[in-house]
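Right, one structure below, let's go through it.
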Amino acid sequence: MHNPDLSPESLVVALGRPPHTLDAPVNPSITMTSTYVGAATPTGSERVYARFSNPTWDPFEEALGTLEKASSPALLYASGMASIAAAFNLVPLGGTIVLPETAYNGTLALGQQKEAAGHFKVRIAPVSDTDATIALLDGADVLWIESPTNPMLEVADIAALAAAAKERGILTIVDNTFATPLVQQPLTMGADVVVHSVTKSLSGHSDVILGAVVCADPELRQRMHGERTLQGAIPGPFEAWLALRGLRTLSVRVEKSMANAQELAERLENHPNLEGVRYPGLPTDPGYERAKATMNGFGAVLGIYVAGGAEAAERFLDALQLWTPATSLGGVESLAERRRRHASEPKSVAENMVRLSVGIENVDDLWRDLDQALRASAL
Ligand SMILES: *Cc1c(COP(=O)(O)O)cnc(C)c1O
């Protein structure tokens, strides 16, 4: 791991390059192979087989590990959910995991599936209520935090929760997908493990599905590496290369989309066709003070509550022209989705809530499209 003194904007550009030697390419190449030439007598440092390792994974894994301030590289997985499933394996059989009530719906669904199969017990926590969450920790094995949460945008006090977990010998795992390591570095706040859906802002172009795990403890990383090798949810080399290519522009993309999100949240706050707006960057938002104190920015996702219920929200989505009605987030293009269109979405998410993932387009163009579609929603 190198260059720890450079700022994140420089790190995302500089990390994971081939050495500066004459005629070397400036980018790593994509290694398409399933196996490697081996020594007659095993040396212990061989790549062996491409489920164990691939040189195309290494630059991204090193870069993300450095950005998250870990002492060892990240581990890439075939999807965000594969990395979450791998992290769930850290809960001992018959143990207990504490999950946020408003975590990503795939995280909650996998937790419920594992509980039904008898793997572990799930306790549901109101993660933005620090005292109530700490009160659920005694006897648990893993505390799972997501902050800000998808899609409710609740902000957790990661440092206080991780400290309370540590006192009780509980492992803290943080899904840092929404914030990205530019906005928040959970390992520096006391968390033990970070997971990412690399599909979202880290890749940033809505063209790959990938996940990652970062461990504070190199021995835990070693164990998870061994489990990834046997469970097999490895990244494809081309996806890993695309993710590194996307990572190069992370700081400019995150900066621009957060500035757009802040501007749109302020313009939308008093829109006549909305019942409310959730964005941690609005001083009226319940998460504002905590986000201001603990995050280096407020993220690029907003929740809007369209006046007139689910049907008005659907009319709003149908009327959008520049914004794309689609699930997912963190790409250069702005997306809008009514989360409750999925039967699996928790009922705690309101039917008229539309999640806006703000991209890097011109903010006035984004605003005009939202405004005309909101007016059309009322017809
Ligand atoms: C999308 C998402 C995931 C799942 O990641 P995939 O790459 O789609 O498997 C997990 N957590 C959060 C917060 C997400 O937004």
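Remember, it's 1-based here, ligands and their atoms both numbered in the order they're listed.
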Side-chain ion pair, Arg47 and Asp58, N-O less than 4.0 Å: yes
Got an N/O contact under 3.5 Å between Tyr104 and ligand 1? no
Regarding Arg221 and Glu68, does a basic nitrogen lie under 4.0 Å from an acidic carboxylate oxygen? no
Identify, by atom number and element, the atoms of ligand 1 in contact range of Asn150, meaning under 4.0 Å from any of its heavy atoms. 14 (C), 15 (O)
A student checking ligand 1 against Ile84 at a 4.0 Å heavy-atom cut-off should list atoms 10 (C)
Counting from 1 in the order shown, the ligand 1 atoms closer than 4.0 Å to a non-hydrogen atom of Gly80 are 5 (O), 6 (P), 7 (O), 9 (O)
Does at least one non-hydrogen atom of Val195 fall below 4.0 angstrom from an atom of ligand 1? no
Counting distance only, does the side-chain N/O of Arg290 pair as donor-acceptor with the main-chain N or O of Pro286 below 3.5 Å? no
Search all heavy atoms of Ser71 against all heavy atoms of Pro218 and return the closest pair with its distance. OG-CG, 3.6 Å
Can you check whether Met81 has an N/O within less than 3.5 Å of an N/O in ligand 1? yes
Out of His196, Glu146, Lys200, the nearest non-hydrogen contact to atom 1 (C) of ligand 1 is supplied by Lys200
Side chain, backbone, both or neither: which applies to Leu210 and ligand 1 if a contact is any heavy-atom pair less than 4.0 Å apart? backbone
Looking only at protein heavy atoms, what sits closest to atom 5 (O) of ligand 1 is Ser197 OG, 2.9 Å
For ligand 1, is there an N or O atom under 3.5 Å from any N or O atom of Thr199? yes
Is it the case that the side chains of Glu361 and Asn260 hold a donor-acceptor pair, with the cut-off being a distance below 3.5 Å and no angle test? no
Before accepting this row, confirm whether a basic side-chain N of the pair Arg315/Asp318 lies closer than 4.0 Å to the acidic partner's carboxylate O. no
Do Trp57 and Tyr49 share a hydrophobic cluster (ILVMFWY, side-chain heavy atoms under 4.5 Å, transitive)? no
Starting from atom 13 (C) of ligand 1, which protein heavy atom do you reach first, and at what distance in Å? Asp175 OD2, 3.4 Å
Regarding Arg51 and Ser34, is there a side-chain donor-to-acceptor distance under 3.5 Å anywhere? no
Distance-only N or O hit between ligand 1 and Ile209, under 3.5 Å: no
